Amino acid sequence: MKRLSLLASVFGLAGCFALAPQARAQVKLDGPPKIAFVYLGAISDGGWTGAQNRARLVMQKTFHEHIPYVENIPEQTEKVEQTVELFLNRGYNVIIGGTYGYGDAFAAEAKKHPHVAFINMGGVTTAPNLESPYPKTFQGWYLAGYAAGSVTKSKVIGMIEGFPIPSVLWDINAYALGAKAANPGTVAKVAFVNSWSDPVKEGQLSNAMIEQGADVIATDMDSPAAIVQAEKAGKYSIGYQNDMSADAPNGILTSVVFYWDKMLVPMVEKLKAGTWTSAGDSLYGLKDGMIELTMPVRHVSPAVQTKIDDIKAAMIAGKFDPFTGPMKAQNGTVEVPEGKVITTDQLWSMKYLVDNVQGSIK
Amino acid sequence: MNGFLADWAGAVPVFAAPFLLATTGLIINERAGVMNLGAEGIMAMGAVSAVIAMLSGSGLVAAILCACAAAVAITLLFALLAVVLRLEQVLSGLVIFAFGVGLSGVLGDSYANQPIKALGPVAPRIFAGLPHWLGRILDQDPLTYFAFVLPVLVWWVLERTELGLRLRAVGEDAPAADAAGVNVMRMRIGAVLSGGLVLGLAGAHLSLVGSQVWVNGMVSGRGWIAVALVTFSRWNTLRAIGAALLFGAVQAVIPLILSSGLNVPIYLIQMLPYVATIVVLGASGIGRTSLSAQPEDLARPFLREERR
């Protein structure tokens, strides 16, 4: 029986390729979707994994089923493969991973198991049955930057980040551009922790920025350490990934929040209907509800709130992109010419800071 | 002297304090002849316990006491392995390192990422009349002040009291100390536990003053840096003040440079503490004084009448 189905799947796969070698095939699961999550960190990390786990909880409610997970699986191919195999042996056929570093393992497993759907949040590898989605965080950060620009008195705002990679750089760039749009002449300072988690350093960087005049501190990290220091200093702050308003109740403006469930629930529904196809290396944004700002934005005037709502609506309608030309890098190079909008390839290869960012990525 | 330099000078004590506490704790250990490589794990236990206590509604003093108690508890295990059972000290230390970091993660799991009230400055108003930069330096929290007082006290006890003499004797030549009537095991257990208590304070400083939040793995190698600083300060707690200040100064300048907006190579800047560690270890290896400063019986378990 097993051999038969294997044979069938081989022919099935061959058939797919024969019929439409270029088109993305619909993924046929062996049975009804049984979902399992593989997490990089702990669900209590307050950030990346915590946000993914919120989505799992929503999915449990939506689909009325228990969805298992494993935490703290490091980005090592063998370990990821072992974990995935364990779930597969238990009959799970929708495997959702949570980090860039699972990419290779997921690609290998996807090739081995064509009747299993693989989704890797934050990854870049793809296959007919592997999708690697990422949020358009820059859309949220543009709006957050607009809010920051409209409340800053010193015209200096700050942001604490992990490593200078494209999906992090587009956050600081959008934040800076949003602030400039609200308040021309505003500069955004950026500092990299050189780690995804070092709360002591995050707090120290936050303090150093405040000493150098920043009066809004945004964190692009998991922990609220940076905005806790801003709160202590009586400055404004912006949270990330989860609603951080409890961490800085007086000074927080808003948080750029992830809702992975907005992307995952429709995918699973399509899998149930047998109509899911991998969108490859995909981006989901405000339009999908994947990224949201906690509303209303605090400490801003009603006029600014209206403006933020308008920009958000324009982004959802596809009429506005934060990275619209002319967009200049620090060194004056025009990265996006006038009248043009950044392309997805340009997004993923972003290796510069825009001209009103103070900081270095070298 | 305002602006950048004042910001820098003002930040140095806070950066130096956890290193100074940890180094002092380790020196107490090592002067009694016990090498404790578990510092990182013991600090993690201190850091997490302080946060758990704060989130459970206790005050700052109680939180600090909890940090010390948890650190002493895990150090007790180290004392059992390394002193009572006379296991290889390096291995025992590594076991405690892994165990402490792991246990702190488990205990702190449901307390992670929840901010706590900060340990505030002693009395900012007193310093209002002073020059700005001096006010910045002096305007620190009580734990940071304590970090700079403790090494002086420890130095006095080690160098000027009979207790200190006995402790040093145990570290230099345990059989001789034993023959002179010093209870080597009791002295070593006492030194290990006191050192562990101070390491707990170092951890509490990280979470109560530094981050004000618990995150798994947040000690981030600071315990290992303290191990290196012990050698650099030549097992002398007064020199440890200088070593920690030097190290704190290097660390404190990084966020200032990074957030200044200067177009500087960030990887080179972030390398500074590690470069400093190498320079410091190299410097401490030069000259005979450093060799003679190391306790003779360091990391050597004591068994009466054992052939040595």
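Here is how names work: the chains are called A, B, and so on, in the same order as the sequence lines, proteins then strands, and each is numbered from 1. Because the structure is predicted, anything quoted here is derived from the model rather than measured. In what follows, every heavy atom counts, from backbone to side chain, and hydrogens, waters and symmetry copies are set aside.
Every residue was checked against the salt bridge (Lys or Arg N to Asp or Glu O under 4.0 Å) condition with E335(A), not counting sequence neighbours, and none meets it. Listed by chain and residue number, I27(B), A226(B), L229(B), V230(B), S233(B), A240(B) satisfy the side chain to side chain contact (heavy atoms under 4.5 Å, CB included) test with T23(B) (two or more places apart in sequence, or in another chain). For Q114(B), the side chain to side chain contact (heavy atoms under 4.5 Å, CB included) test picks out L55(B), with sequence neighbours left out.
Between chain B and the residues N194(A), D247(A), V228(A), the most heavy-atom pairs under 4.5 angstrom are made by N194(A). Contact count against chain B (heavy-atom pairs under 4.5 Å) is highest for P199(A) among G46(A), G158(A), P199(A), G50(A). Between chain B and the residues S197(A), G203(A), S223(A), A226(A), the largest count of heavy-atom pairs under 4.5 Å involves S223(A). By number of non-hydrogen pairs under 4.5 angstrom with chain A, the leading residue of G10(B), G217(B), P265(B), A252(B) is P265(B). For the set M244(A), Q229(A), Q330(A), the count of heavy-atom pairs under 4.5 angstrom toward chain B peaks at Q229(A). Top candidate by heavy-atom pairs under 4.5 Å with chain A, chosen from V14(B), L258(B), V219(B), I257(B), is L258(B). For the set Q204(A), M209(A), E202(A), the entry with the most heavy-atom pairs within less than 4.5 Å of chain B is Q204(A). Ranked by heavy-atom pairs shorter than 4.5 Å toward chain A, the options L256(B), I254(B), L268(B) are led by L256(B).
The shortest heavy-atom contact between S44(A) and N113(B) is O-ND2, 3.3 Å.
The neighbour count for Y274(B) OH, taken as heavy atoms of other residues, nucleotides or ligands under 6.0 Å away, does not exceed 12. More than 12 heavy-atom neighbours from other residues, nucleotides or ligands sit within 6.0 angstrom of NZ on K155(A). More than 12 heavy-atom neighbours from other residues, nucleotides or ligands sit within 6.0 angstrom of OH on Y145(B).
The structure places CD1 of I210(A) at 10.0 Å from OG of S259(B), a figure rounded to the nearest 0.5 Å. To the nearest 0.5 Å, the span separating CD on Q212(A) from CZ on F4(B) amounts to 7.0 Å.
Along residues 97-112 of chain B, the residues that come nearer than 4.5 angstrom to chain A, judged on non-hydrogen atoms, are D109(B), A112(B) in order of number.
Inter-residue side-chain proximity for V200(A) and P18(B) is flagged as unmet; no heavy-atom pair is nearer than 4.5 Å.
Under the 3.5 Å distance criterion, the side-chain polar atoms of D7(B) are left unmatched by any main-chain donor or acceptor of A208(A). Looking only at distances, a side-chain donor or acceptor of Q270(B) sits under 3.5 Å from a matching main-chain atom of F192(A).
Interface remark: V190(A) contributes backbone atoms only to the contact with chain B (heavy atom separation under 4.5 Å). Residue I43(A) does not touch chain B at all, counting heavy-atom pairs closer than 4.5 Å. Using a 4.5 Å cut-off between heavy atoms, V357(A) makes no contact with chain B at all. For chain B, no part of E231(A) is nearby; none of its heavy atoms comes within less than 4.5 Å. Contact annotation for N207(A): neither backbone nor side-chain heavy atoms come within less than 4.5 Å of a heavy atom of chain B.
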